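Working notes, beginning with the structure itself.
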Amino acid sequence: MTKSEIILFNTLTRRKEKFVPLKNGEAKIYTCGPTVYDFAHIGNFRTFVFQDLLRRWLEYCGFKVTQVMNITDVDDKTIIGARKRQISLKEYTDYYLKAFFEDIETLNLEKAEFYPRATEHIPEMVSLVKRLMEKGYAYRGEDGSIYYDISKFKNYGKLSKLKIEELKPGARVKVDEYGKEEARDFALWKAWDKDDGEVFWDTEIGKGRPGWHIECSTMAMKYLGETIDIHSGGVDLIFPHHENEIAQSEAATGKEFARYWLHSEHLLVEGKRMAKRYGNFYTLRDLTAKGYDPKAIRYLLLSTHYRQQLNFTFEGLEAAKNAVDRLKTFTRRLLETDGKGCGEEIRRLMTEVQRRFEEAMNDDLNISVALAALFDFVRDVNRLMDENRLSKQEAEMVYSLMMKFDKVLGVVGEFKTEEKLPTEAAELIRKREEARKAKDWVTADKIRAQLREMGVIIEDTPQGVKWRIEKR
RNA sequence: GCCGGGGUGGCCGAACGGUUCAGGCGGCUGCCUGCAGAGCAGCUAUAUGUGGGUUCAACUCCCACCCCCGGCUCCA
């Protein structure tokens, strides 16, 4: 574990706080996941990548992380979607859930320990709703739905810093649409109506389906306990979603629900809010289909501090790709290095970069500063290699360090040194060398182009010709 | 209307009351190279939305204004 401590910005207090987990050395985190009604878009992934970075940083620091990411597979959008396609809710959400898991892998997100689905936790939700009714926090509305009476929860608004009284005149509050007593109350359990079709559960509290917020309270407590260390999601979830989760959970248990609340800012695309009507709405698949490298996308989403709005542009994506290439090229070069050795200097540089990287990340995941430290290091070590002053053994140490950093960043990946060169490529390289010896540059360049077509990249260096296979 | 966040070089993006404005990307020049690639070195004019103020010193603090983004029960 790193000696210095992790500082995180807690939305609850609106200040940076030292992270002290409930249980020494363990971090229990709940990260709000996707509603599986469509392919997730890059805005969603900005948040998921942030949550991944958080998780990886905690692990780097030696914490045993238990992460829960919920899967919302029953709500208005999923029900409507399934109905449009005339398939069951499960069939519909399974499809998008599978796609989500594929996307997670594409973006190199570490797997959470649990991905609970709302529909698989109905009994637990029902019992939480019952508990809230027994304690007098919930009531049944005229329509048969069960609502949470926010006036009963004295701390309502503590996360979003909204005052109940000021919620009322809000322009977007639809009054009297349902059978709630107060427009601001929210549904714990929605009574079945004909638009729900076959989607309902017959339970002790009636025929219907759960409200949105109850799943998170229920599943967080089931897998992580009544008080969790960190809860996170996009800023848009602060209100009402997270506020309501607090109200439900804390009313039921009388205990603090989550100690640290972390929220990531939104992503803009070309300076604008991402929306289908602006034509700037992208899923991960849209981008990979255009040929963009997932590692570059990950880097771009990662490289801006999570509490800063991130402006996603194709120019930026191009830049991200080049930055990732620089790290990759550097790391690969380490494997081929066999110089004289520089002794103390490399140790000093390694100590320095680790110190800077860790200090930056510990400060509320200040990734920009951490990356700056990393790139400084890359430049310094490149210079050592240029001067033939890095030994094989030293290069191996640096390579291990790069892998350690990449365990956090997830953009470089391992290099396989013993990739097989196809025999025909080997033959071409031999021919090209002959041509070069004879200073027949035309033939040499032709063969180089030919190899490139085959996906074999040739580089002439003072140490002889080097090749690598570039998969596409 | 109420409440937040932000405006930094060609682009992205840190920092902070005071050493060179970090780092990345792009462009240019040089070194290396048959060329290319990679790398290194240097350059990219007086950067911090505007106008005031505080201070020996402000991008950093204060005031006003302009603009952008967001929250105020769909939303990552």
Side-chain angles (χ1 to χ4, degrees), chain A residues 14 31-35 37 40-51 75-77 150 157 160-163 166-174 177 180 183-187 212-213 232-241 243-244 263-268 271-275 299-300 303-305 307-313 315-327 329-330 332-333 356 360 366-387 436 439-442 444-445 448-449 452 457-462 466 468:
Chain A
R14 304 286 151 109
T31 52
C32 272
T35 301
Y37 72 103
H41 56 70
I42 52 173
N44 296 317
F45 283 115
R46 199 264 166 114
T47 295
F48 300 143
V49 167
F50 146 65
Q51 293 166 338
D75 78 325
D76 289 351
K77 281 178 290 199
I150 64 170
S160 55
K161 314 294 176 204
L162 293 172
K163 296 189 178 73
E166 289 170 5
L167 287 182
K168 235 177 179 173
R172 283 156 65 168
V173 178
K174 288 180 214 132
E177 194 177 304
K180 350 181 205 183
R184 341 167 260 182
D185 289 344
F186 61 90
W212 174 32
H213 316 294
S232 77
V235 282
D236 52 299
L237 296 185
I238 295 172
F239 189 87
H241 186 52
E243 195 69 63
N244 290 348
H263 293 96
S264 55
E265 253 302 342
H266 275 172
L267 172 107
L268 303 176
K272 281 189 198 154
R273 186 191 172 117
M274 183 166 55
Y299 183 91
L300 182 57
S303 56
T304 294
H305 184 84
R307 282 190 290 118
Q308 196 73 33
Q309 283 181 350
L310 164 70
N311 187 15
F312 184 98
T313 63
E315 199 188 344
L317 190 50
E318 220 44 69
K321 184 198 179 304
N322 292 334
V324 170
D325 280 348
R326 182 165 160 82
L327 294 176
T329 304
F330 170 74
R332 186 188 309 111
R333 188 180 180 191
R356 287 175 63 197
N366 192 336
I367 188 77
S368 306
V369 170
L371 288 172
L374 183 57
F375 279 106
D376 279 343
F377 177 71
V378 167
R379 188 192 344 95
D380 290 340
V381 177
N382 264 325
R383 192 189 295 126
L384 286 174
M385 290 192 284
D386 279 358
E387 293 166 359
R436 289 186 70 219
K439 297 207 190 291
D440 178 2
W441 308 125
V442 178
D445 290 353
R448 182 166 60 194
R452 176 171 278 279
I457 309 292
I458 291 297
E459 279 168 26
D460 302 317
T461 74
K466 282 186 182 158
R468 64 173 200 275

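Lettering follows sequence order; numbering is per chain, from 1. As the structure is a prediction and not an experimental result, all values here were calculated from the model.
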Heavy-atom protein contacts under 4.0 Å, nucleotides 26-39 of chain B, coded B base, S sugar-phosphate only, - none: S-------BBBBSS

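In this structure, A/Lys163 places its NZ atom 13 Å from P of B/rC2, rounding to the nearest Å. Whole-Å rounding puts the A/Leu237 CG to B/rC72 C1' distance at 15 Å. Spacing between atom CG of A/Asp376 and atom P of B/rA15 amounts to 16 Å, rounded to whole angstrom units. If you measure from atom CD of A/Glu315 to atom P of B/rG13, you get 11 Å, rounded to the nearest angstrom. Between the P atom of B/rA76 and the NE2 atom of A/His241 lies a distance of 9 Å, rounded to the nearest Å. When the C1' atom of B/rA76 is taken as reference, atom CD of A/Gln309 falls 13 Å away, rounded to whole Å. Summarising the geometry, the separation between CG on A/Leu371 and P on B/rA15 is reported as 13 Å, rounded to the nearest angstrom. Separating the NE2 atom of A/His263 from the C1' atom of B/rG4 is a distance of 14 Å, rounded to the nearest angstrom.
To the nearest whole angstrom, the two P atoms, one in B/rG9 and one in B/rU50, are 10 Å apart. Spacing of C1' atoms, B/rG17 relative to B/rU48, comes out at 15 Å, to the nearest Å. Rounded to whole Å, the P atom of B/rG49 lies 14 Å from the corresponding atom of B/rC12. Nucleotides B/rA47 and B/rG30, compared at atom C1', are 27 Å apart to the nearest Å. The C1' atoms of B/rG39 and B/rC56 are separated by 45 Å, rounded to the nearest whole Å. On the P atoms, B/rG5 is 12 Å away from B/rC61, given to the nearest whole Å. The separation of B/rC3 from B/rU8, taken at their C1' atoms, amounts to 26 Å, rounded to a whole angstrom. Here, B/rG13 and B/rG6 have their P atoms 14 Å apart, quoted to the whole Å.
Checking B/rG24, B/rC69, B/rA76 against the side-chain heavy atoms of A/Arg46 singles out B/rA76 as nearest. Here the nucleotide nearest the side chain of A/Leu162, chosen from B/rA22, B/rC72, B/rA76, is B/rC72. Listed nucleotides B/rG24, B/rA14, B/rC75 differ in distance to A/His305; the shortest reach to its side chain belongs to B/rA14. Residue A/Leu267 places its side chain closer to B/rA76 than to any other of B/rC25, B/rA76, B/rA14.
Backbone-only engagement by A/Ala319 is indicated by non-hydrogen atom pairs under 4.0 Å involving sugar-phosphate atoms exclusively. Counting non-hydrogen atoms under 4.0 angstrom, A/Gly316 reaches nothing in the nucleic acid. In this structure, A/Gln308 reaches the sugar-phosphate backbone alone: every heavy-atom distance under 4.0 Å involves primed, P, OP1 or OP2 atoms, never a base. Residue-level contact check: A/Lys77 touches the backbone only, with heavy atoms under 4.0 Å from sugar-phosphate atoms and none from bases. A/Ile238 comes within contact range of no nucleotide atom at all, as no heavy-atom separation falls under 4.0 Å.
Checked for salt-bridge contact, A/Arg333 and A/Asp386 meet the test: a charged N lies under 4.0 Å from a carboxylate O.
Distance alone, capped at 3.5 Å, places no donor-acceptor pair between the A/Arg356 side chain and the A/Val369 backbone. When atom types are taken as modelled, the side chain of A/Gln51 and the backbone of A/Thr31 share no donor-acceptor pair closer than 3.5 angstrom. Checked by atom type and distance alone, the side chain of A/Asp185 pairs as donor or acceptor with a backbone atom of A/Ile150 at under 3.5 Å.
Considering only heavy atoms from C-beta on, A/Asn44 stays 4.5 Å or farther from A/Pro34 through its side chain. Here the side chains of A/Leu300 and A/Ile42 are not in contact, with every heavy-atom distance at 4.5 Å or above. A 4.5 Å side-chain heavy-atom check between A/His266 and A/Arg46 finds every atom pair outside the cut-off.
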Secondary structure string for RNA chain B (Watson-Crick or G-U under 3.5 angstrom, | for other-strand pairs): (((((((..(((.....[....)))((((((.......))))))....(((((..]....))))))))))))....

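A donor-acceptor contact under 3.5 angstrom links the side-chain atoms of A/Arg273 to the base of B/rC75. You won't find any donor-acceptor pair under 3.5 Å spanning the side chain of A/Ser368 and the base of B/rA14, going by distance alone.
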Criterion side chain to side chain contact (heavy atoms under 4.5 Å, CB included) on A/Ile457 and A/Arg452, from CA distance to verdict: CA-CA 5 Å; A/Ile457 309 292; A/Arg452 176 171 278 279; 3.7 Å; yes

Working for side chain to side chain contact (heavy atoms under 4.5 Å, CB included), residues A/Phe312 and A/Leu267: CA-CA 7 Å; A/Phe312 184 98; A/Leu267 172 107; 3.8 Å; yes

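Nearer to the 5' terminus of RNA chain B, by closest-nucleotide assignment, is the contact made by A/Lys161 (compared with the other of A/Lys161 and A/Gly43).
OP1 or OP2 of B/rG5 has not a single side-chain nitrogen or oxygen of A/Arg307 nearer than 4.0 Å. Close to B/rA15, at under 4.0 Å from its OP1 or OP2, lies a side-chain N or O of A/Asn366.
A/Arg436 and A/Ala444 make their closest contact through CG-CB, 3.7 Å (heavy atoms, listed as atom of the first residue, atom of the second, distance).
Every ring-ring contact (aromatic ring centres under 6.0 Å, His included) that A/His213 has, sequence neighbours left out, goes to A/Phe186, A/His241.
Screening A/Arg448, A/Lys466, A/Arg468 against A/Glu459 for a side-chain hydrogen bond (donor to acceptor under 3.5 Å, both in side chains) leaves a single residue, A/Arg468.
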